[in-house]
Student: 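Below is one structure. I have some questions about it.
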Amino acid sequence: MAVTESAPPAALDLGPDTLLEMYRAMVLGRLLDERIIILNRQGRAPFAISGQGHEATQVGVGYALRRDYDWAVPYYRDLSLVLVMGMSPLDQLLAALGKAGDPNSGGRQMPAHYSSRAHNIVTGGSPVATQILHAVGVGLAFRYRGEDRVVVTACGEGGTSEGDWHEGLNWAAVHRLPVIFLVENNGFAISVPQARQMAVAHVTDRAAGYGLPGVCVDGGDVLAVHQVAVEAVARARRGEGPTLIEAHCVRLQSHSSDDDQRRYRAPDDLRDLRSHDPLDRFRVDLEAAGILSPERAAAVRADCLAEIDRAQQIADEAPAPDPATALHHVHQEG
Amino acid sequence: MAVTESAPPAALDLGPDTLLEMYRAMVLGRLLDERIIILNRQGRAPFAISGQGHEATQVGVGYALRRDYDWAVPYYRDLSLVLVMGMSPLDQLLAALGKAGDPNSGGRQMPAHYSSRAHNIVTGGSPVATQILHAVGVGLAFRYRGEDRVVVTACGEGGTSEGDWHEGLNWAAVHRLPVIFLVENNGFAISVPQARQMAVAHVTDRAAGYGLPGVCVDGGDVLAVHQVAVEAVARARRGEGPTLIEAHCVRLQSHSSDDDQRRYRAPDDLRDLRSHDPLDRFRVDLEAAGILSPERAAAVRADCLAEIDRAQQIADEAPAPDPATALHHVHQEG
Amino acid sequence: MVEAVRTALAEEMRRDDRIIVMGEDVGLKGGVFGATQGLHQEFGDLRVIDSPLAEASIVGVAIGAALAGLRPVAEIQFQDFIPPAMDQILSEAAKIRYRSNNDWSCPLVIRAPCGGGVHVHGALYHSQSLEALFAHVPGLKVVLPSTPGDAKGLLTAALRDPDPVCFFEHKALYRAFKGEVPAGEHVVPIGRARVARPGRDLVCFTYGATVHESLRAAERLGLEGIEVEVVDLRTVRPLDRECIVETARRIGKVLVAHEANLAGGVGAEVAAIVAEECFESLDGPVMRLGGPEIPAIPFAESLAEVYYLGADRIEAGLRRLAAY
Amino acid sequence: MVEAVRTALAEEMRRDDRIIVMGEDVGLKGGVFGATQGLHQEFGDLRVIDSPLAEASIVGVAIGAALAGLRPVAEIQFQDFIPPAMDQILSEAAKIRYRSNNDWSCPLVIRAPCGGGVHVHGALYHSQSLEALFAHVPGLKVVLPSTPGDAKGLLTAALRDPDPVCFFEHKALYRAFKGEVPAGEHVVPIGRARVARPGRDLVCFTYGATVHESLRAAERLGLEGIEVEVVDLRTVRPLDRECIVETARRIGKVLVAHEANLAGGVGAEVAAIVAEECFESLDGPVMRLGGPEIPAIPFAESLAEVYYLGADRIEAGLRRLAAY
Ligand SMILES: Cc1ncc(C[n+]2csc(CCOP(=O)(O)OP(=O)(O)O)c2C)c(N)n1
Ligand SMILES: Cc1ncc(C[n+]2csc(CCOP(=O)(O)OP(=O)(O)O)c2C)c(N)n1
Ligand SMILES: [Mg+2]
Ligand SMILES: [Mg+2]
């Protein structure tokens with residue numbers, strides 16, 4: 001039940017290939033995120049919500065999962081997580097533009113409502129924290145069938161205030177289910193700062209009250225997050241039950257394209273944000289370890305951009321949903 | 001934020017008069033409770049739900065409040081609490097028999113849905129734990145008006161699983177409101193034992209996670225409860241915020257007149273229950289301290305019974321609600 | 001009727017091991033009305049789960065289990081205690097197939113006892129009939145059986161349905177029928193009404209416990225040669241529109257009756273369909289009977305009587321309509 | 001219209017210091033649509049409270065404050081996020097006066113933006129029109145203004161009401177009217193409909209944003225000499241029964257139109273009232289228009305258009321009715 005304030009600094013022993021893969025995943029998430037914001041500013045994507053600043057957390061957790069075996073019940077900031085789990089930039093660009101081929105929802109939901117049955121990414125709606133309970137149910141099904149799969153579900157620190165969050169952690173603890181509750185704590189729920197959201201410094205202060213371990217980690221440190229996630233996954237796979245992971249992140253962008261954080265955040269605070277960019281941190285670490293060179297970093301960036309460009313071209317040309325289909329799939333048909 | 005496992009044994013320094021008053025309150029609660037069960041068995045009260053075994057907790061807390069100044073948002077087992085706060089046996093017998101004069105609801109609600117504006121006892125419905133949030137709102141109003149009143153709200157350990165409980169504790173902690181959250185933990189929610197309700201031994205394990213103090217106390221020890229409650233009330237009155245009190249109680253009767261606990265509780269467990277009767281414990285303590293004699297105890301009992309008999313006679317003869325009134329008071333009239 | 005529910009659950013659980021049951025007190029105690037009695041003994045802890053006291057989690061966890069391939073039955077102890085789970089039902093279960101463009105589905109049965117009556121004494125919070133709140137929601141099916149046979153057959157259909165079904169069992173019916181449960185496999189399709197009594201002069205559309213009050217009223221009028229057809233809608237979402245329209249056109253005088261509050265109730269939808277589709281065949285105004293404008297059934301018998309829609313009030317309504 | 005909401009709040013807060021406002025982002029940010037902008041600056045932390053992200057608590061805490069003598073305004077960020085608070089609204093706020101036999105009361109305003117449209121892009125969860133769920137519940141009042149004047153006048157009435165009022169503001173109207181807020185004290189009584197356009201050939205009962213779509217359709221028919229009366233119901237609980245019945249009887253051809261899902265919607269109740277009370281005056285079937293049988297408005301414009309009830313569909317409906 002011990003709450004570790006922060007995981008011990010993770011060694012770079014994953015091997016250079018994996019580390020570079022993880023780096024690329026973060027870059028891809030970031031660049032795709034930026035592209036969607038551009039599409040929004042151009043008036044082509046009606047809505048954008050950004051995961052910038054959360055990439056290290058999501059990639060760290062994503063790389064602890066077994067792809068197409070474990071499950072995720074994500075939330076709207078989890079762009080990098082769903083990319084790691086197997087979804088593509090094209091999948092998300094189709095969603096941003098509301099195209100028929102959008103695998104998340106066929107253009108029915110707002111972008112960032114990630115879903116892919118093929119990749120075990122559970123469909124989500126917009127209400128905050130409802131997904132927490134779904135993850136518990138998924139874990140229940142795994143346990144019932146005797147599978148050693150693990151499910152991870154994520155929300156923000158604001159989401160922890162909802163009753164569903166409480167009910168989910170409690171249920172998972174009582175039944176020792178293989179669920180990892182990830183809280184991506186960026187200090188704000190739209191405009192509401194953490195101090196108006198809870199009277200404690202760490203969401204993990206709640207773990208002991210449910211009877212599960214809580215680990216608080218620097219969410220800008222991809223390897224620290226990864227290590228914590230690997231341990232939680234191993235624990236869950238061994239049948240020892242759920243873990244609460246709180247990753248402290250920064251929200252580099254406003255809450256969404258409908259928000260302007262300059263209205264409620266101090267200029268100093270905003271200026272300071274960039275120095276916490278997890279991408280920069282990982283790049284510097286990898287360069288210091290001799291795994292990444294500036295040239296290689298530029299190549300990764302170019303490669304990701306090319307992938308996104310190709311995807312955007314396809315998405316641009318993809319057809320809008322056929323109006324006739326709007327009435328389909330309320331119930332199973334045929 | 002420290003969690004005290006149990007309050008230090010309270011001295012009997014309240015003075016003999018108060019102690020005897022508290023004893024009488026417990027006896028009155030018990031005998032009235034028994035009477036209502038008898039009325040149910042006779043087929044005259046369609047429903048009964050019992051607070052037997054919870055009297056020490058309720059009287060201990062009730063005596064920490066300033067009558068007709070502080071507020072309570074009780075739950076269905078809080079018969080002794082509402083009696084201490086100023087309601088009468090007649091009030092509850094009128095409710096048990098569904099009479100027009102029932103001040104709780106005019107015969108509209110089931111018995112044990114305590115309410116009295118005159119005595120600052122907030123009306124409650126049947127859904128478990130909704131009242132927790134009302135107490136927080138009451139505390140908010142006190143704080144807004146700059147009053148030093150305190151509000152206490154109660155539920156069972158089962159009720160702590162509801163989202164509303166979580167949201168209430170969190171809100172009260174963030175705003176440091178003068179609310180006392182009392183959990184009367186009798187180990188069962190109807191048939192569901194605590195181990196299926198939560199994965200922790202004590203509800204107070206949750207207090208730290210909200211940023212408020214949690215005190216776990218032997219709910220069968222009226223003076224221990226009283227001391228803990230006095231401290232929590234003082235803290236709240238000083239503007240230092242909410243406290244969570246968990247009082248371990250025994251449920252001497254089945255959940256309600258519709259339940260039979262022999263179906264799901266072990267015979268040993270049931271046999272053991274009586275040895276934890278809080279009334280016996282207080283009587284023995286008072287006798288040992290020379291404050292109560294067997295004769296005096298018998299007199300108290302007789303006096304309470306007489307009061308209840310008188311009340312029952314009045315309640316028996318009281319008129320049923322006039323059907324014409326059934327349609328009134330959905331909204332303010334006239 | 002409680003026996004029918006229990007039987008359907010047990011038989012389907014034997015047939016399909018994806019079915020699990022969860023809710024408050026459904027295990028050892030077997031449910032507060034005994035609807036799950038014996039299941040825990042037969043199917044064990046993993047399939048019959050005493051949940052924490054938290055309705056949003058009962059439904060929300062069931063949704064997750066359904067997404068992961070199980071077929072959960074979420075029991076809510078009383079329909080009055082569904083509102084904490086409303087978000088999970090309305091915002092999640094009902095929309096999962098649609099919002100994922102058919103990629104995901106949510107086969108889930110939400111069972112709850114509903115309704116009251118003069119002798120149920122459940123008062124405001126153990127007596128409500130809230131079906132209209134669910135009947136308004138695309139993506140849900142809403143079923144209210146009135147007989148043991150239908151309870152078994154419709155619950156079996158619900159347990160085999162690929163989408164979420166709300167299954168509401170009227171408490172007054174639980175013990176009203178004994179030993180009338182059809183043996184063996186018995187499936188009644190969701191969405192089809194049933195003629196509980198044929199007639200030609202008036203038709204009464206109804207469901208749940210009110211079917212029996214309506215039959216009683218119809219019988220009394222029958223003695224005088226006024227033949228009332230009583231149609232048990234059985235499913236209130238989707239309504240059996242075809243049956244409603246055909247019957248209303250054929251008979252021409254329509255009463256809609258239910259225990260739930262009248263205003264904005266299911267009866268409004270039935271009446272509106274009739275008003276729109278059967279205008280030229282109507283021989284009188286579409287009449288509705290339902291609960292008065294108070295929150296639910298009060299505790300005291302003298303007050304409860306004011307709420308309850310019994311045979312007498314239905315008979316009076318039918319007579320007014322017949323005289324039109 | 002958002003200006004009207006803000007003005008009503010500010011003016012009433014100045015008049016009555018029992019009024020407090022709480023909800024997500026209502027403080028510094030002034031609400032996601034700006035409805036509370038400036039209030040935090042003027043009235044401070046104690047009266048304008050940025051709540052935790054938890055709707056049940058927003059309403060539940062507001063109820064407690066109301067019980068203790070305040071007059072709270074609980075803002076829910078989008079009506080789509082009311083369901084987590086459904087239990088507090090349906091089971092608690094709506095029943096407090098009745099269940100306590102008039103001993104307690106709960107003066108509380110629950111505000112939420114509702115509705116969608118082709119250009120709102122809120123998709124399934126930022127576009128719903130859920131008023132029917134509340135319109136079925138005795139103990140609640142449910143108001144949907146369609147103009148800045150009514151928004152100010154009805155919100156002022158709600159803030160002075162001794163009982164709980166649900167106040168739903170259509171997002172498409174927020175910025176549709178500028179500078180049309182009546183100055184000074186302006187109170188519009190809850191429960192009274194308004195004739196938005198007089199007419200004699202057909203009547204269209206409607207509310208919310210659909211009022212404007214109906215007016216547009218009526219105008220087009222007006223050019224051809226078909227005079228459509230458009231009645232803005234404004235309050236959907238309690239309905240202005242007198243106005244509905246009088247108007248329907250006078251005109252004889254009735255359309256009911258709303259953005260919400262048709263089945264079980266408020267239109268069903270209006271149609272049922274007309275069918276029952278105006279039978280002998282009707283010159284055609286009571287017609288209803290509303291949302292199709294899908295959960296809400298999809299994101300992609302091509303799909304959203306299928307849902308939305310615009311002037312064209314209303315015009316077509318009116319023409320069918322006129323031709324009857
Ligand atoms: C039930 C519900 N209430 C309100 C909202 C509106 N809303 C969307 S995101 C959000 C803030 C979430 O903050 P947090 O949980 O900290 O996550 P973050 O956005 O910071 O990652 C709010 C209030 C919603 N989507 N659902
Ligand atoms: C929301 C809700 N769900 C279910 C019930 C039915 N119910 C009434 S009391 C109860 C058990 C409560 O247990 P606990 O909170 O431990 O209190 P105790 O009765 O043991 O004092 C249940 C399940 C209810 N009244 N409300
Ligand atoms: Mg956040
Ligand atoms: Mg208990």
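A quick note: this is a predicted structure, and the numbers were derived from the prediction, not measured.
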Student: Give a yes or no on whether A:Arg262 atom CZ has more than 12 heavy-atom contacts from other residues, nucleotides or ligands under 6.0 Å away.
Tutor: no
Student: Could you grab the distance from atom CD of A:Glu167 to atom CG of B:Asp164, nearest 0.5 Å is fine?
Tutor: 8.5 Å
Student: Of the backbone (N, CA, C, O) and the side chain (C-beta and beyond), which part of B:Trp171 lies under 4.5 Å from a heavy atom of chain A, both, or neither?
Tutor: neither
Student: If we check side chain to side chain donor-acceptor pair (under 3.5 Å) with B:Asn170, which of these qualifies: A:His166, A:Gln197, A:Arg206?
Tutor: A:Arg206
Student: Using a cut-off of under 4.5 Å for heavy-atom pairs, which of B:Gly241, B:Ser161, B:Ala173, B:Ala195 has the most such pairs with chain A?
Tutor: B:Ser161
